[in-house]
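In the text below, chain A, chain B and the rest are named by the order of the sequence lines, each starting its count at 1. Everything quoted here is computed from the prediction, not taken from an experiment.
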Number of protein chains: 4
Amino acid sequence: MKTAKLLLHCPDRPGILAEVTDFITVNKGNIVYLDQHVDHVENIFFMRIEWELESFLVPQEKIHDYFATLYAQKYGMEFRLYFSDYTPRMAIFVSKMSHCLYDLLARYSAGEWNVHIPLIISNHPDLEPVAKRFEIPFYVFPITKENKLEQERRELELLEEHRVNFIVLARYMQVVSEQLIDAFPNRIINIHHSFLPAFVGAKPYHAAFERGVKIIGATSHYVTTNLDAGPIIEQDVARITHKDTVQDLVNKGKDLEKIVLSRAVQKHIERKILTYKNKTVIFS
Amino acid sequence: MKTAKLLLHCPDRPGILAEVTDFITVNKGNIVYLDQHVDHVENIFFMRIEWELESFLVPQEKIHDYFATLYAQKYGMEFRLYFSDYTPRMAIFVSKMSHCLYDLLARYSAGEWNVHIPLIISNHPDLEPVAKRFEIPFYVFPITKENKLEQERRELELLEEHRVNFIVLARYMQVVSEQLIDAFPNRIINIHHSFLPAFVGAKPYHAAFERGVKIIGATSHYVTTNLDAGPIIEQDVARITHKDTVQDLVNKGKDLEKIVLSRAVQKHIERKILTYKNKTVIFS
Amino acid sequence: MKTAKLLLHCPDRPGILAEVTDFITVNKGNIVYLDQHVDHVENIFFMRIEWELESFLVPQEKIHDYFATLYAQKYGMEFRLYFSDYTPRMAIFVSKMSHCLYDLLARYSAGEWNVHIPLIISNHPDLEPVAKRFEIPFYVFPITKENKLEQERRELELLEEHRVNFIVLARYMQVVSEQLIDAFPNRIINIHHSFLPAFVGAKPYHAAFERGVKIIGATSHYVTTNLDAGPIIEQDVARITHKDTVQDLVNKGKDLEKIVLSRAVQKHIERKILTYKNKTVIFS
Amino acid sequence: MKTAKLLLHCPDRPGILAEVTDFITVNKGNIVYLDQHVDHVENIFFMRIEWELESFLVPQEKIHDYFATLYAQKYGMEFRLYFSDYTPRMAIFVSKMSHCLYDLLARYSAGEWNVHIPLIISNHPDLEPVAKRFEIPFYVFPITKENKLEQERRELELLEEHRVNFIVLARYMQVVSEQLIDAFPNRIINIHHSFLPAFVGAKPYHAAFERGVKIIGATSHYVTTNLDAGPIIEQDVARITHKDTVQDLVNKGKDLEKIVLSRAVQKHIERKILTYKNKTVIFS
């Protein structure tokens with residue numbers, strides 16, 4: 001059943017929820033999902049609503065216009081509208097480690113997600129055989145300090161050519177630069193192998209071992225120009241002991257990383273994430 | 001700020017949410033909380049809404065009537081209405097172990113909960129000193145097979161006399177009988193020291209040890225006439241290993257039990273639980 | 001560095017640990033791992049010890065004999081001896097779901113485990129393309145009530161032919177019969193999609209949904225002739241809410257299943273599991 | 001049954017474990033616990049062993065001397081020896097929040113721990129009624145920048161007078177100074193209300209809220225002169241969502257704090273902790 005998904009936020013005022021649900025109900029849309037949240041500190045109203053389009057009286061191509069005219073202006077809303085029959089296009093960036101890539105491709109290949117993966121990009125050739133197994137085009141752009149901006153420009157062209165909507169950094173061991181981030185604002189998902197904000201930057205497992213923590217973590221977040229400081233989407237942790245070596249942390253961490261990354265990608269694909277002031281609202 | 005809390009469920013139909021929120025908004029109630037859920041299998045709509053009464057145009061004592069007349073009949077709703085200035089009255093039943101009792105009383109004593117505890121009932125005198133420390137009346141009703149119904153009748157009188165609204169079985173090692181359950185339907189909260197439905201009945205830690213599980217659990221639930229089979233409110237688990245003896249499980253389990261019980265009691269006090277078909281809806 | 005791994009258990013008596021470590025030290029073996037456990041209820045001593053063979057004075061092929069003669073008889077020990085340069089051979093059984101299979105093969109393919117996978121067996125052809133991607137022979141044995149024993153006999157021949165040491169049931173939706181279990185005692189690892197002993201048998205997610213639990217789980221265990229009742233190796237859980245449908249449980253459960261199964265397989269490959277009286281000792 | 005507990009660490013060399021267990025076995029000590037760990041990076045051997053003294057041939061008062069002479073010198077060991085019939089004496093420092101204090105006293109009062117609590121010290125009078133309930137002397141030392149060192153000197157006298165062995169900071173909202181730390185090296189246990197090393201210092205829940213993390217934590221550690229940077233004993237976490245306010249984090253955190261602190265205190269009382277290079281070895 002084809003549906004529309006609407007995500008919005010605006011200054012909180014009485015009646016918004018009633019008006020928006022009323023708009024859909026009155027026009028014979030069958031609401032199949034509704035979740036809302038009020039941030040009482042910032043006084044912001046957040047909402048996600050999904051309804052079936054079959055009997056909806058407003059034609060699909062006019063919903064955006066109608067909604068903008070009738071409500072968005074009135075309430076100072078920002079909103080995004082998605083339709084279930086559109087399949088977003090996702091690029092994966094990798095380096096040398098395969099665990100996150102396999103986890104993404106296994107789900108993709110099993111048809112778990114409404115997504116298309118037109119290409120994989122890497123700064124190393126190592127994972128080309130994995131891409132081949134899943135028959136996905138694989139492009140290598142070796143990165144040095146000198147060629148980084150130029151290589152990224154070529155990557156951007158490729159991403160545009162493949163009409164990519166969002167990017168997943170699946171243990172891509174490069175800091176991406178501002179031009180790439182600006183082209184995909186809140187649409188680059190990274191997995192950092194620590195419980196942020198602990199152990200920002202390189203070699204977090206070594207740092208965790210050094211500090212003697214009893215729990216390690218992984219964090220998926222949208223990439224912003226501040227390193228490892230973007231809006232957090234999902235985190236999880238695993239218990240360790242004094243018996244664990246750095247290599248044990250790396251191994252245990254792999255399972256965390258792949259699961260935490262895939263959960264974030266899934267939420268993104270399902271259009272369940274709103275970002276606001278460097279934080280995320282994750283709808284149920 | 002005084003508020004009203006409304007919990008309801010009814011067959012799902014378009015427009016309920018809009019109508020209910022409209023009723024409050026139109027009458028100048030400021031909505032401070034809203035959560036809803038649709039069970040698409042049973043086709044039931046669940047909702048919890050809370051609003052400030054200060055400027056609300058419907059007088060507090062008439063809200064119930066108005067709502068019943070205007071909406072409950074129309075939609076076939078069951079609903080409950082609570083006001084924040086009413087403090088519910090909770091009785092605690094205990095036997096010999098003090099960990100859950102202390103945890104409840106520590107929170108009560110620190111003023112964490114909007115609740116009054118007029119009495120503690122036990123089938124043993126052991127915990128009377130704890131009750132004394134917190135200056136709460138303590139009543140002992142020794143239970144045997146023969147006197148159980150008679151003792152419970154006396155307990156019921158005492159509960160009525162103290163105008164008790166709900167009961168917490170804080171490791172009360174007796175099966176309560178139908179007369180008590182019928183007097184407090186979905187208003188007796190028990191803590192069972194296993195991950196239900198595993199290890200129903202007596203000595204669950206021994207059974208868990210025997211089976212060689214790697215994780216133990218605790219479950220808080222409303223008491224029904226089927227032993228350990230009532231609607232589950234909250235569960236949590238802890239990891240164990242082959243090194244743990246039965247006594248280790250008992251000790252680790254204590255922390256689970258007290259936290260899982262207190263979380264359930266808190267949700268109950270906050271009016272965040274709806275029960276339906278032997279399950280709970282726990283609002284956020 | 002080549003090592004020997006020795007796992008043993010016997011009635012507990014003073015001096016065993018000292019004698020065994022002494023045997024290795026005196027013969028110039030460098031101990032790199034030692035863990036022991038005493039079950040004070042059953043009075044059984046369990047031990048796992050690993051040492052480097054480079055300077056060890058007892059020739060590799062004679063260690064078993066020496067140890068049997070010098071200690072096993074004296075203490076009534078059962079013991080197993082493994083060498084790090086032997087790569088065990090593992091068969092995977094699957095049906096239609098790919099998530100566990102992908103997780104196993106991704107680790108295998110990345111060289112994470114010291115194991116060889118000579119074949120995959122299934123009762124359905126669905127996952128043949130996955131096997132092909134990883135270039136592993138795939139055999140289909142459709143199972144009916146009537147042909148089960150005969151098909152298993154053919155599977156057993158194939159397993160023998162490929163010199164398979166142990167079997168992993170990666171969501172293999174068939175009960176394996178006694179002849180297969182007897183041929184691989186404590187060497188068939190299954191993943192059950194519930195927190196055992198809760199929800200034994202078919203459709204555990206449906207049963208969990210029906211019961212209204214707040215946490216779901218997965219359990220890996222060795223297969224015995226009692227359904228879902230063999231020695232538990234590893235368990236893990238995930239939190240759910242009233243908002244989760246049966247399908248949500250299935251999806252969340254998949255991540256649990258693959259991780260819990262892979263952890264068990266890893267422990268098995270690393271020779272870290274001893275079984276005793278339908279329980280496991282999992283060395284650190 | 002009276003036991004001796006020996007904790008030691010020294011440079012790793014072959015034969016230490018065999019020699020130490022041999023010393024106990026030969027002298028007819030019945031070993032009831034043994035755990036060891038080798039840090040292969042630092043090449044340090046750690047060990048904890050416990051044995052019954054009833055038939056032990058070395059008199060209790062001479063064990064320390066014998067062990068020092070026979071082994072400690074030879075292997076360059078540091079070791080500590082404890083006897084089960086000695087009850088350590090613990091002081092609690094608090095400020096205004098009662099949840100950790102209640103949790104400690106509830107366990108103490110139920111006889112769960114082999115410890116004596118001769119006094120509670122606070123910089124505020126607020127929790128005196130709690131101390132009174134449990135009949136424990138309560139001393140108030142208001143702290144200002146100016147009087148801090150002087151007040152601590154008076155506290156130290158009091159601690160000495162009460163022969164206190166170790167201190168528990170149960171949400172004591174003051175940084176303790178070097179003189180107190182030096183008097184109790186690795187014997188002051190603090191609870192920090194964050195997942196260290198994230199959110200060091202004041203107001204960690206506010207910082208966690210600001211950063212938008214999806215999981216909060218608590219950390220118990222030994223106090224050193226570097227703020228919140230001492231050896232970590234225990235950590236645990238709880239999941240939060242965008243719906244949680246700072247106050248919700250504070251409330252959820254309380255349960256974490258008290259459990260994580262009590263686990264650390266229990267491990268300390270049971271003599272299961274060794275510290276080395278700003279890390280802990282926590283024996284099983």
Quick one: side-chain hydrogen bond (donor to acceptor under 3.5 Å, both in side chains) partners of B/Thr280, sequence neighbours excluded? C/Lys214

Interface residues of residues 237-260 of chain D facing chain B - non-hydrogen atoms under 4.5 Å apart: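 Only D/Lys243, D/Lys254, D/Asp255, D/Lys258, D/Ile259 of residues 237-260 of chain D have a heavy atom under 4.5 Å from chain B.
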
Select all residues of residues 120-139 of chain D having any heavy atom within less than 4.5 Å of some heavy atom of chain B, and report them by number, or 'none'. D/Arg133, D/Phe134

side-chain contact (heavy atoms from CB on, under 4.5 Å) involving B/Gln266 - partner list, sequence neighbours excluded: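 By the side-chain contact (heavy atoms from CB on, under 4.5 Å) rule, B/Gln266 matches B/Trp113, B/Glu270.
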
Would you give the length of the straight line joining atom OG of D/Ser98 to atom CZ of B/Arg107, rounded to the nearest 0.5 angstrom? 10.5 Å

Just how far is it from atom CG of D/Leu105 to atom OH of B/Tyr102, taken to the nearest 0.5 Å?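 So the gap between those two atoms works out to 8.5 Å.
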
